[in-house]
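Worksheet: one structure, shown below.
Atom set for the values below is all heavy atoms of this structure, side chains included, hydrogens, waters and symmetry mates excluded.
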Amino acid sequence: MSRWMWSQRLLLLLLLLLLLLISEGEVQAQVENRVTFLPGTFQNINVSQNETVQAVVTRIPAEVAFITLQFHTLHRNATLSYTRVPDPSRSLTAVDSGLLSALQNGQTSLSLFLSSPNEETVPGTGVILSYSSAEPVPGACNIEFSLDVDPNLYIRYNLYETTIRFAPANLGYERGQSPPACDTSTGSSTRWRLLYDVYQYFLPENDLSESSLFAGFQAVADMRGMMASGRLVTTLKSTDKTSMVFSSIPGQGVIYSVIVRDPALNTSASYVPAHTYACSFASTLDGCQTLGKISTKVFFTIAGLAGLFVCFFGHRFFKCELFCMGFSFAAFFFFVLITRTTQLDYDVRLAVSAVVGVVGGGLLVMSWWRFGSVMACVVVVGLMLGFLVASIVLFTPLGDLDVFRNSDVVFWVTFCCIMVTFPLVFVRWPREGNITTCGIVGAYAVILAVNAYIYTSLSYITLNILKRFLNSNFSAVFTDVPFQIIDYALITVWVVLGVCGVVLQLYRERSRPFFPPSPYLMWLQERERRKTNVLDPSHHVPSLPGRLLERARQLVRRREPAGEHTPLLL
């Protein structure tokens, strides 16, 4: 009996030893998922499914009052939490997430937790930034979002615009003290003295890779990097609305950041930057990887070939030029009309607009063929060049002036004044104006065809105007676009094509009539000539009805027998 009890005790001891080994293995596994951050140093982390990564900061100096941890991924969500088990009120799930932790007296270390909300591995990059008590606290006066202190930027986008929102900041405070009240007063000693600088940083064009995104965040994650590399868009006061609207650029990566400044203490702190490509990585139909519909590529490829022909031969083949100009004019405005008034699919709208464009081009050609008014046709051609030049002028930083962003009336009056200037000039120099339009507009059509396959910011010269036509709220949008190597290369192509086309046509047409005569007027003149000129053999030709009647009579008339009926003359 004693032996049997001893064997039971031995077995129990072995089981306890086994459980101890298993628990040590689990503890070791948790230690392996622990990542130590150094302030200002980026860490690339892969957060596996069903795994929690502990982000640890140690040896925090005593002068640091609060710390922000930010974590960025390409397009997969990651959860950043104050606790190992995420709590909705103490965690954030996003592609760009950040948490702010206020430090207590004597605190030298800090732990936050990263996890994957979905059953997939999430690769990302993170960094710890530290701030002193004199610097503002981003998002400390939050009343809109879920976190008590929310230093994040929230991005929403659609086809037309990208909106960023953020929570107001508060003044800094020492460790262990209570934060200043947010809204008890609006004096110069409260958070209402703070200013918010809104920055944007464009990532390399046509680059949707993680390495490009992570390199961009490493360049602009803190305020010094963003000030050095980013572009200051505007400065908001504390009395302004904490949101900004930008023009959407599908497929182009943009990092947005807000830096809050305390002008009284000359200090500043950065919100957690956020990025967007204004497109979905999950969509298989028209996502970031498959931008550009087939219908768009076909449409603009044909338009580019027609533009290349018009650029070099438009004035020589005047009817073809008029058809292309009438097509562009009618198709553009009809696309705007049916987009604002119907809910048709994009491909259907594009097809119907193309059909209406064909009708518009045909009507312009027929009006010239019938009436022979060159000036009326040149006015339409001048409006096309005026439209493009006005779009170029308002594509520059002039278009982002407050006077244009705050008033649609001022914008459209300015646009129309620039647009109608060119038809007035064309009345004095019709041939030179027509050839110039062929070169500039035709070359730009080639650029739009290239944009159907390779992204270029030059397409937004006219696309921004189209968006403003289609969206009533687009006036408040900042329309900045990046200019990178491919854009400068295509500007060179545009200039070379335009100049070569204009010079070639001016040289070739120097000894020809200004414009070809109207075919209808030529036909009328030829008919009058045949009627009055008795020496012209065509004068004795019966009329068309007479010839048709004679042909009918021959069909029913009895034929004369063949043979010789007259004597031969020797």
Side-chain angles (χ1 to χ4, degrees), residues 153 155-166 194-202 220 226-250 252 254-261 263 276 278 332 336 383-422 424-425 440 444 447 456-484 487-488 491 494:
L153 302 184
I155 293 182
R156 293 183 303 176
Y157 68 86
N158 56 32
L159 177 64
Y160 306 106
E161 60 190 26
T162 298
T163 304
I164 66 169
R165 298 180 300 150
F166 58 94
L194 299 177
L195 301 175
Y196 302 88
D197 294 335
V198 182
Y199 285 83
Q200 63 179 175
Y201 173 80
F202 291 104
V220 299
M226 182 56 79
M227 290 178 179
S229 304
R231 178 184 180 275
L232 176 61
V233 178
T234 188
T235 298
L236 301 176
K237 299 179 180 179
S238 293
T239 54
D240 296 329
K241 189 176 180 180
T242 55
S243 65
M244 289 293 300
V245 185
F246 300 84
S247 176
S248 291
I249 311 176
Q252 170 62 51
V254 188
I255 298 177
Y256 296 99
S257 181
V258 175
I259 296 176
V260 54
R261 292 187 291 113
T276 180
F332 180 88
V336 172
L383 288 175
M384 290 297 298
L385 181 60
F387 178 89
L388 182 57
V389 173
S391 301
I392 294 173
V393 171
L394 296 174
F395 177 73
T396 64
L398 289 175
D400 282 334
L401 294 177
D402 290 339
V403 65
F404 295 128
R405 294 180 58 250
N406 296 332
S407 174
D408 279 332
V409 174
V410 175
F411 179 89
W412 289 119
V413 167
T414 305
F415 186 89
C416 292
C417 289
I418 299 174
M419 185 175 173
V420 301
T421 300
F422 289 86
L424 299 178
V425 175
I440 297 176
Y444 184 69
I447 301 302
T456 170
S457 297
L458 298 182
S459 63
Y460 283 85
I461 292 175
T462 51
L463 188 57
N464 283 339
I465 303 300
L466 178 61
K467 288 183 176 182
R468 193 145 186 167
F469 269 120
L470 298 178
N471 189 354
S472 302
N473 299 323
F474 194 74
S475 58
V477 173
F478 284 92
T479 57
D480 302 324
V481 294
F483 261 72
Q484 301 181 20
D487 300 304
Y488 292 109
I491 288 176
W494 186 5

**OP:** Using the side-chain contact (heavy atoms from CB on, under 4.5 Å) rule, take K467 and S247 through it: C-alpha gap first, then chi angles, then the decisive distance, then the call.
**Re:** CA-CA 9 Å; K467 288 183 176 182; S247 176; 3.5 Å; yes
Original post:
Can you name the closest pair of heavy atoms from I465 and I461 and give their distance?
Top reply: CG1-O, 3.8 Å
Original post:
Would you call the rings of F404 and F411 parallel, tilted or perpendicular if under 30° counts as parallel and over 60° as perpendicular?
Top reply: perpendicular
Original post:
Is there a side-chain contact between S248 and Y157, using heavy atoms and a 4.5 Å cut-off?
Top reply: yes
Original post:
Can you say whether the rings of F332 and F469 are parallel (under 30°), tilted (30 to 60°) or perpendicular (over 60°)?
Top reply: perpendicular
**OP:** Drop me the distance from T396's OG1 to L401's CG, to the nearest 0.5 angstrom.
**Re:** 8.0 Å
Subject >> Residues in side chain to side chain donor-acceptor pair (under 3.5 Å) contact with D408, at least two apart in sequence or another chain >> reply: R468
Subject >> For D197, the option from R261, K237, R231 that meets salt bridge (Lys or Arg N to Asp or Glu O under 4.0 Å) >> reply: R261
Original post:
Once you round to the nearest 0.5 Å, how far does CD of Q252 lie from OG of S457?
Top reply: 6.5 Å
**OP:** Answer yes or no: is there a side-chain heavy-atom contact under 4.5 Å between T242 and R165?
**Re:** no
Original post:
Does the side-chain contact (heavy atoms from CB on, under 4.5 Å) test come out yes or no for M244 and T163, once each step is laid out?
Top reply: CA-CA 6 Å; M244 289 293 300; T163 304; over 6 Å; no
Subject >> T456 vs F483, side-chain contact (heavy atoms from CB on, under 4.5 Å): CA-CA, chis, key distance, verdict >> reply: CA-CA 8 Å; T456 170; F483 261 72; over 6 Å; no
Original post:
Does W494 reach the side chain of I440, with side-chain heavy atoms less than 4.5 Å apart?
Top reply: yes
Original post:
Quick one: are L195 and V260 in side-chain contact, heavy atoms under 4.5 Å?
Top reply: no
**OP:** Using atom types as modelled and distance alone, determine if a side-chain donor or acceptor of N406 lies under 3.5 Å from a backbone N or O of V403.
**Re:** no
Subject >> Test item: I155 and T162 side chains (from C-beta on) under 4.5 Å apart, heavy atoms >> reply: yes
Subject >> Inter-residue atom distance I259.CD1 - L232.CG, 0.5 Å rounding >> reply: 8.5 Å
Original post:
Under 6.0 Å between the ring centres of Y256 and F246?
Top reply: yes
Subject >> Rounded distance [0.5 Å steps], CG in L388 versus CG in L383 >> reply: 12.5 Å
Subject >> Y201 side chain reached by V254 side chain, heavy atoms, under 4.5 Å >> reply: no
**OP:** Evaluate the side-chain contact (heavy atoms from CB on, under 4.5 Å) criterion for residues Y199 and V220: first the C-alpha distance (whole Å), next the side-chain angles of each, then the deciding distance (0.1 Å), finally the verdict.
**Re:** CA-CA 10 Å; Y199 285 83; V220 299; over 6 Å; no
Subject >> OG on S407 to CG on D402, rounded to 0.5 Å >> reply: 11.5 Å
Subject >> Carboxylate-amine/guanidinium proximity below 4.0 Å for D400 and R405 >> reply: no
Review item, side-chain donor-acceptor pairs of residues 412-422, under 3.5 Å, at least two apart:
| unit_1 | atom_1 | unit_2 | atom_2 | d |
| --- | --- | --- | --- | --- |
| T414 | OG1 | V410 | O | 2.7 |
| T421 | OG1 | C417 | O | 2.7 |

Subject >> Euclidean distance, L398 CG relative to I392 CD1, rounded to 0.5 Å >> reply: 13.0 Å
Subject >> Result of checking I255, V258, T276, V198 against L153 for side chain to side chain contact (heavy atoms under 4.5 Å, CB included) >> reply: V258
**OP:** Please report the closest heavy-atom contact between Y460 and I249, naming both atoms and the distance.
**Re:** OH-CA, 3.2 Å
Original post:
So, for S243 and F166, which heavy atoms are closest and what is the spacing to 0.1 Å?
Top reply: N-CE2, 4.3 Å
